[in-house]
Each structure stands twice: as structure tokens, then as C-alpha cells.
Amino acid sequence: MSVWWVLLALSCLSFSAGLQKTNRYEGYKIYEISGKARSLSFSETLNELVKNASYYEVFSGFNGGNPAQIMVHPHEQVNFVQLMDDNNVDYDIINRNVGLTLSRQFETNQMLRQWFPYNGRLGTERYYSHEEINQFIEDLAVKYPRRVFLKTVGRSYENRWLKTITITNGDARRNKNVILVDGGFHAREWISPAAAIYLINQLVENLEDNADLLQDFDWVILPVVNPDGYEYTQLSADTRMWRKTRQPSSSNCIGTDPNRNFDFHWNEEGASDDPCDDTFAGAKAFSEPEALVVGDLIHSYADRGQMYLTLHSYGSLILYPWGWTAAVPDTEEDLKEVAEAGKSAILEATGTNYTVGPSTTTINYAASGASDDYAFNAGFPISFTMELPFGGTGFDPPASEIDRIVKETWVGIAAMARRVIQKYPLA
Ligand SMILES: *[C@@H]1O[C@H](CO)[C@@H](O)[C@H](O)[C@H]1NC(C)=O
Ligand SMILES: *[C@@H]1O[C@H](CO)[C@@H](O)[C@H](O)[C@H]1NC(C)=O
Ligand SMILES: [Zn+2]
């Protein structure tokens, strides 16, 4: 713990010395609006307002009785507060200066890199680069040649290698069932690759406790789907909130939402055809090499795949199909049963209260062209988007919270995997 005190002292020092420079989020505030406040007319007004993307960003909408969190541009805050007052809506300000929080985090992350250089293992002390993560899984494959296998499955737009790690128990039995996990679809959701790393560590280094998870199942993990975006968010506080890929579109805007780019109900509800929007579906389905790689992975494991799990943040949600429509699959009970196993395990372990439900109605918006629907449609009987908990200003839990969140996440994933193994035994 002493390390944290030193870091805190150092960062205070650098700020009082005026070393921080302002960034594009200077003066932005995040408002939290109580779930109780959502009258229909206010919700409609709010929905119209937040379409103005230069001034508003909805970090988290109303879902499962949870409050909504909205980031607002400094020039719009007076209007926004006035609107809430006129509608008798209760709100809290959960961050008074997003720019300051982000620049402090940036400084801290820089220092942590110095303090904890890569040494062959990845702990929970800090966030890692895509290169470090690839190096780590390569090192694991060298250390455990009979249990761990790497495969280069593609390249990102900026030519970063996308590699999966396959983890087995080393008995060399072929054609086991498969659990497919990915992280890092959305650039700013750093806690997602961190959770994937922890999962990899557990399955590889802690075989004793997890032997049952590898008896009849192999695990295939792609820790960072969107490395270009992930690296871009690490450059500065200005770029920290980037969500999309980095491939330019025909307009002046860059990037596509890789989780709207899948060729299943592509570019329908909940996806945008404006290249400047954060949910831009892409010029065509699978325009993004990163999404195509995941689509190919899904197909290559569809016959053996029993669970597809994609890790995002935030919201403390386990969401199952469909995301493109408010309708639910015939097998909803199976999906719910597995998700509830994860929710209960987490609630018991830490008290974090995940919400379980079908994607569209739980988060109150459709998200067509997403990977979970795609995997479910391709034959994975269980397919989830797991939204990890809130941290920092929302998408950015500080490094000091990684340990707690990834351990809790692992408890949930292991519980869901155990239920899957029970429900879908190896034929
Ligand atoms: C967005 O909000 C700003 C500030 O209130 C306003 O000046 C601008 O006209 C709005 N743009 C649109 C497209 O509504
Ligand atoms: C978890 O959240 C749900 C929905 O908000 C609520 O009904 C339930 O009582 C909560 N459970 C616990 C143990 O806090
Ligand atoms: Zn996401």
C-alpha cells in the first residue's frame, strides 16, 4: 500500500506545481440522474437533447432502476441544470471536472509504468499496453507448451497483431467444447482487457482450483479486439475517451464502432450511419478488420462453442440476446439461468449487484450488429455481454481498483462457466 501513498504524494506535488495541462475535457461535468426521475416526458426531452453529441455524452442510460450518467460540455451546463430544475428532476454531480480527473489518471498511469515494468507476468497493479499483453501470452505459451497455444488470427487496421490464446489442461484430447472470451472491443474500456488477463492467469497458473473448468472444455481468449483504439486512448487525457476503431471513413471522421459492425441485422436500430457518431456501424458490415476477425473466430468455434462472452464496461450488467430487437429468444430460460449463476456468485462474493436481462429491454436501447447476437445466431447457446462495474468517471476505474474488479469479475465468469459445463456436457 505504501506505493499508493508515494504516488499520491507525487501526483499532488506535480499538480500544485502546475504541471498539468488542460485538455479537451476541462470543465466537463458528469451528472447522475436518479432512476426515479424518469417521467416519460422528461425522458423524451432528454433523448432529444443528448443527440447533440458535441455537448452531451450519455455514459449510462436508465437501466434496471439504475441512475443515468451524462457528461455535459461546460457551455451547456446552465441549460441542462435549468431543464432538470424545471422538471423537478433530482440529480447529483458525480464529477465536477472530467479533464482534471483524466489528466491526474494519465500522470499516475505514466508513473505506474515506471514502477511496474513488464517482467514476464501481468499483475493487477496497472493497465498494460497491447504489446505487453501480446508478449505476456507469448511468454505463457513458451512456459506451458503442452497447455497453452497461440494463434495469430489477424491484423488491426494499423497492423497490430491480433492473437488468441487457447488454454487447455494439457491432456491433448481434441474436440472439446469451447468457451470463447474477448475483451477490448471499445477502446476506453480498459478494465475489460484487464479482466481477460486475470482470467488467463487463473486458467493457466491456477490449474488446481480450476481443473473442472478445463476437463471437457478449452478456453479461447482474444484479450484486445481493438488494439488501435486501445493504444490511442493511452496517448493522452484528450484521447482517453475514444471508443471506436481507428480506420478513417469517407468523411473527416475516424473510426467505426466495432460492436455495431457485425453482419447480423447490421445498421438497424441502435447503430448510426453517421461516421462521426460513436455508434457508427461502418461503411458496410465487417468493414473493420477487427470485427471480421471476431466473426471468423465465432464461426470457427461455432460447432463446439457453448459460451461466448464479450467483456465491456460499464454498468454491472450481464446481457443476453437479442440486442437488435426487443424480442427474446426461445431459449431465454437457459440464458437467464447461466447469467443468474454469475450474478449470484458476484453478489455473494462482493455485494456488487449485477442486473441480468435481455440486451435491448434492459439497457433501453437496441444495439444491432453486435458480436453477442452474432455469436448466438451462429450457434453458441450461451452468449453474453458483460458490462463490468463503474469506476473513475465511469469507463476508467483507476489502477488502484483493477484488483478488486477483475477478481470479482472472475468469480462471476467461473460461476457461469460451471453452469455451462453442467448444462452442455461434452457430447
Ligand atoms: C447543440 O447545443 C448547443 C449549445 O446549447 C447549441 O448551440 C447547438 O445549436 C446545438 N446543436 C444542435 C444540432 O442542436
Ligand atoms: C439488486 O438490484 C435489484 C434491482 O435494482 C433490487 O431489486 C435488489 O433488491 C438488489 N439486491 C440487493 C441484494 O441489493
Ligand atoms: Zn463497450
Side-chain angles (χ1 to χ4, degrees), residues 28 34-36 38 45-68 70-83 182-196 224-226 229-230 233 241-245 255-262 270-271 274 276-280 290-291 294 309-319 323 339-340 342-357 359 361-363 365 367 369-372 384-391 394-397:
Y28 278 69
S34 139
K36 279 175 286 192
R38 84 199 235 209
T45 312
L46 193 61
N47 284 344
E48 269 316 298
L49 206 59
V50 299
K51 284 183 187 152
N52 193 334
S54 325
Y55 290 83
Y56 290 96
E57 184 172 354
V58 178
F59 275 9
S60 177
F62 294 116
N63 62 62
N66 295 324
I70 300 172
M71 181 169 74
V72 184
H73 187 289
H75 294 166
E76 182 65 7
Q77 289 160 7
V78 170
N79 288 343
F80 185 61
V81 165
Q82 184 70 51
L83 176 79
D182 62 47
F185 254 87
H186 291 137
R188 62 188 169 191
E189 300 168 8
W190 295 359
I191 196 68
S192 156
V224 189
V225 170
N226 173 17
Y230 183 66
T233 57
M241 291 297 180
W242 188 257
R243 168 182 166 97
K244 298 188 282 183
T245 59
T256 290
D257 184 340
N259 206 31
R260 300 290 185 280
N261 193 232
F262 283 68
D274 179 347
C276 300
D277 281 352
D278 250 357
T279 54
F280 177 47
E290 301 85 357
V294 176
L309 177 64
T310 182
L311 301 170
H312 287 252
S313 82
Y314 67 88
S316 303
L317 305 161
I318 303 173
L319 303 172
E340 291 284 350
K343 173 197 163 87
S344 310
I346 290 175
L347 190 59
E348 192 176 322
T350 63
T352 300
N353 190 3
Y354 267 76
T355 300
V356 166
S359 186
T361 53
T362 303
I363 56 180
Y365 61 83
S371 70
D372 51 358
F384 295 144
T385 294
M386 195 167 175
E387 297 279 0
L388 305 190
F390 175 97
F395 294 102
D396 54 341

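Atoms within a ligand are numbered from 1 in the order they appear, just like the ligands themselves.
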ring-ring contact (aromatic ring centres under 6.0 Å, His included) between Tyr28 and His73: does it pass, once the steps are laid out? CA-CA 5 Å; Tyr28 278 69; His73 187 289; 5.3 Å; yes
Under the side-chain contact (heavy atoms from CB on, under 4.5 Å) rule, what do Tyr354 and Glu340 come out as? Steps first, then yes or no, please. CA-CA 9 Å; Tyr354 267 76; Glu340 291 284 350; over 6 Å; no
side-chain contact (heavy atoms from CB on, under 4.5 Å) evaluation trace for Tyr56 with Met71: CA-CA 6 Å; Tyr56 290 96; Met71 181 169 74; over 6 Å; no
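Within a 4.0 Å radius of atom 7 (O) of ligand 1, the protein contributes no heavy atom. Protein heavy atoms are found less than 4.0 angstrom from atom 2 (O) of ligand 1.
Of all heavy-atom pairs spanning Ile191 and Ser313, the tightest one is CG2-CB, 3.7 Å.
Here the angle at the Zn ion (ligand 3) defined by ND1 in His186 and OE1 in Glu189 stands at 120°, rounded to 10 degrees.
Considering both main-chain and side-chain atoms, Asn353 comes within under 3.5 Å of ligand 2 through a nitrogen or oxygen pair. Residue Asn52 has at least one N or O atom closer than 3.5 Å to an N or O atom of ligand 1.
In this structure, the side chain of Trp242 engages the main chain of Lys244 through a donor-acceptor pair within 3.5 Å.
Between Arg188 and Glu57, at least one side-chain nitrogen of the basic residue sits less than 4.0 Å from a carboxylate oxygen of the acidic one, meeting the salt-bridge criterion.
At the shortest separation from atom 5 (O) of ligand 1 among protein heavy atoms lies Glu76 OE1, 2.5 Å.
When the N, O or S atoms of His312 are ranked by distance to the Zn ion (ligand 3), ND1 comes first.
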